[in-house]
Amino acid sequence: MPPVNRRTLRRTLIWAGVAAALGIAVLVPLGQPMAALFGCAGLGLGAANARFAQASVARYADRGKVTKGRFAIATLGRLGVITVIALGCAVLLRPAGLAVFAGIAVFQLLTIVSAMLPLVKEIRQS
């Protein structure tokens, strides 16, 4: 895995930890500890997805281990599992379970911002 990808993931995980702490600090005093828990679970699902996606792309880049079809099936499978878990929490444990989707969305936003930072830095240098 390229060093820039490792740094991006590490930075995103740190920001996700901060987001989890903020979510807990805000939601628990408001009487929503389960929403805080499920928000953290969503952040965890987002982190797991990001890590597994990077590993999958690295295997695909090797070209010797994974074909395009297997890569697509692995991606759909990973996203399917995350979706089933998130939907299960949202449906079975609503309304607090809906916070899983908020956690996943926050993680994706943090990933995008974290990935943009090296690009912005490179643009400023040129």
Side-chain angles (χ1 to χ4, degrees):
M1 185 180 315
V4 69
N5 290 357
R6 273 188 251 124
R7 283 191 304 268
T8 299
L9 181 60
R10 188 176 333 120
R11 183 174 39 244
T12 305
L13 291 174
I14 291 168
W15 290 352
V18 171
L22 285 173
I24 291 168
V26 170
L27 291 171
V28 170
L30 291 174
Q32 297 294 328
M34 293 304 286
L37 175 70
F38 287 116
C40 291
L43 287 167
L45 284 172
N49 180 51
R51 178 64 188 109
F52 292 141
Q54 283 189 349
S56 181
V57 168
R59 280 192 304 272
Y60 182 70
D62 287 342
R63 293 278 183 181
K65 298 180 182 175
V66 180
T67 64
K68 189 184 254 187
R70 287 185 63 189
F71 178 74
I73 289 171
T75 300
L76 290 173
R78 183 182 70 250
L79 293 176
V81 168
I82 290 170
T83 302
V84 166
I85 293 170
L87 281 174
C89 289
V91 171
L92 298 175
L93 304 166
R94 67 177 177 259
L98 292 169
V100 170
F101 288 109
I104 292 171
V106 167
F107 191 86
Q108 294 305 314
L109 178 66
L110 293 174
T111 300
I112 291 167
V113 171
S114 183
M116 282 178 21
L117 293 178
L119 297 173
V120 170
K121 185 177 179 180
E122 188 174 320
I123 290 170
R124 284 186 180 174
Q125 289 176 352
S126 50

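One-based numbering along the sequence shown. Remember, it's a predicted structure, so these values are computed and weren't measured experimentally. All values below were derived from every heavy atom in this structure, side-chain atoms included, with hydrogens, water molecules and symmetry-related copies excluded.
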Engineer: Answer yes if L92 and L37 sit in the same cluster of Ile, Leu, Val, Met, Phe, Trp and Tyr residues linked by side chain heavy atoms under 4.5 Å apart, and no otherwise.
Structural biologist: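 Cluster IDs for L92 and L37 match.
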Engineer: Quick check: closest heavy atoms across V28 and P33, and the distance to 0.1 Å?
Structural biologist: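 Nearest heavy atoms, V28 then P33: CG2-CA, 4.1 Å.
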Engineer: CD1/I14 to CG/L9 distance, rounded to the nearest 0.5 angstrom?
Structural biologist: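 Here the interatomic distance stands at 10.0 Å.
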Engineer: Determine the minimum heavy-atom distance between A19 and V106, stating which atoms define it.
Structural biologist: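 In terms of heavy atoms, the two residues are closest at CB-CG1, 4.2 Å.
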Engineer: Determine, using the 4.5 Å side-chain heavy-atom cutoff (strictly less than), whether V100 and V81 are members of one ILVMFWY cluster.
Structural biologist: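 Shared cluster, yes.
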Engineer: Excluding sequence neighbours, so at least two apart, what forms side chain to side chain contact (heavy atoms under 4.5 Å, CB included) with L93?
Structural biologist: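 Side chain to side chain contact (heavy atoms under 4.5 Å, CB included) list for L93, sorted by chain: F38.
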Engineer: Just how far is it from atom CZ of F107 to atom CD1 of I112, taken to the nearest 0.5 Å?
Structural biologist: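 Here the rounded value is 11.0 Å.
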Engineer: With a cut-off of 6.0 Å (strictly less than), are more than 12 heavy atoms of other residues, nucleotides or ligands near CZ of F101?
Structural biologist: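 More than 12 heavy atoms, drawn from other residues, nucleotides or ligands, come within 6.0 Å of this atom.
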Engineer: Among L45, T83, I85, find the residue that satisfies the side chain to side chain contact (heavy atoms under 4.5 Å, CB included) test when tested with I104.
Structural biologist: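 Answer to the side chain to side chain contact (heavy atoms under 4.5 Å, CB included) test with I104 among L45, T83, I85: L45.
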Engineer: Locate the shortest heavy-atom distance separating A35 from L27; write the atom from each residue and the value.
Structural biologist: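 Where A35 meets L27 most closely, the heavy atoms are C-CD1, 3.9 Å.
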Engineer: Compare every heavy atom of A96 with every heavy atom of M34, then report the nearest pair and how far apart it is.
Structural biologist: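 Taking every non-hydrogen atom into account, CB-CB, 3.7 Å.
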Engineer: Looking only at heavy atoms, which two atoms of G23 and A36 are closest? And how far apart?
Structural biologist: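 Scanning both residues, the minimum pair turns out to be O-CB, 4.2 Å.
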Engineer: Would you say T8's side chain and A115's backbone share a donor-acceptor pair under 3.5 angstrom?
Structural biologist: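 Not a single qualifying donor-acceptor pair exists.
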Engineer: How far apart are the C-alpha atoms of L13 and R51, what are their side-chain angles, what is the distance that settles it, and do they pass the side-chain contact (heavy atoms from CB on, under 4.5 Å) test?
Structural biologist: CA-CA 10 Å; L13 291 174; R51 178 64 188 109; over 6 Å; no
Engineer: Considering non-hydrogen atoms only, spot the tightest contact between P29 and I24 and give its length.
Structural biologist: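 Closest pair (atom of P29, atom of I24, distance): CD-O, 3.7 Å.
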Engineer: Residues in side chain to side chain contact (heavy atoms under 4.5 Å, CB included) with R7, at least two apart?
Structural biologist: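 P3, V4, R10.
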Engineer: Hydrophobic clusters here meaning ILVMFWY residues chained together by side-chain heavy-atom distances under 4.5 Å, can you tell me if L117 and L110 are in one?
Structural biologist: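 Yes, same cluster.
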Engineer: For side-chain contact (heavy atoms from CB on, under 4.5 Å), just list the numbers for V113 and W15, CA-CA rounded to whole Å, side-chain angles, deciding distance to a tenth of an Å, and then say yes or no.
Structural biologist: CA-CA 10 Å; V113 171; W15 290 352; 3.7 Å; yes
Engineer: R78 versus T75: any side-chain heavy-atom pair under 4.5 Å?
Structural biologist: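 The answer is yes, as the side chains (C-beta and beyond) meet within the 4.5 Å cut-off.
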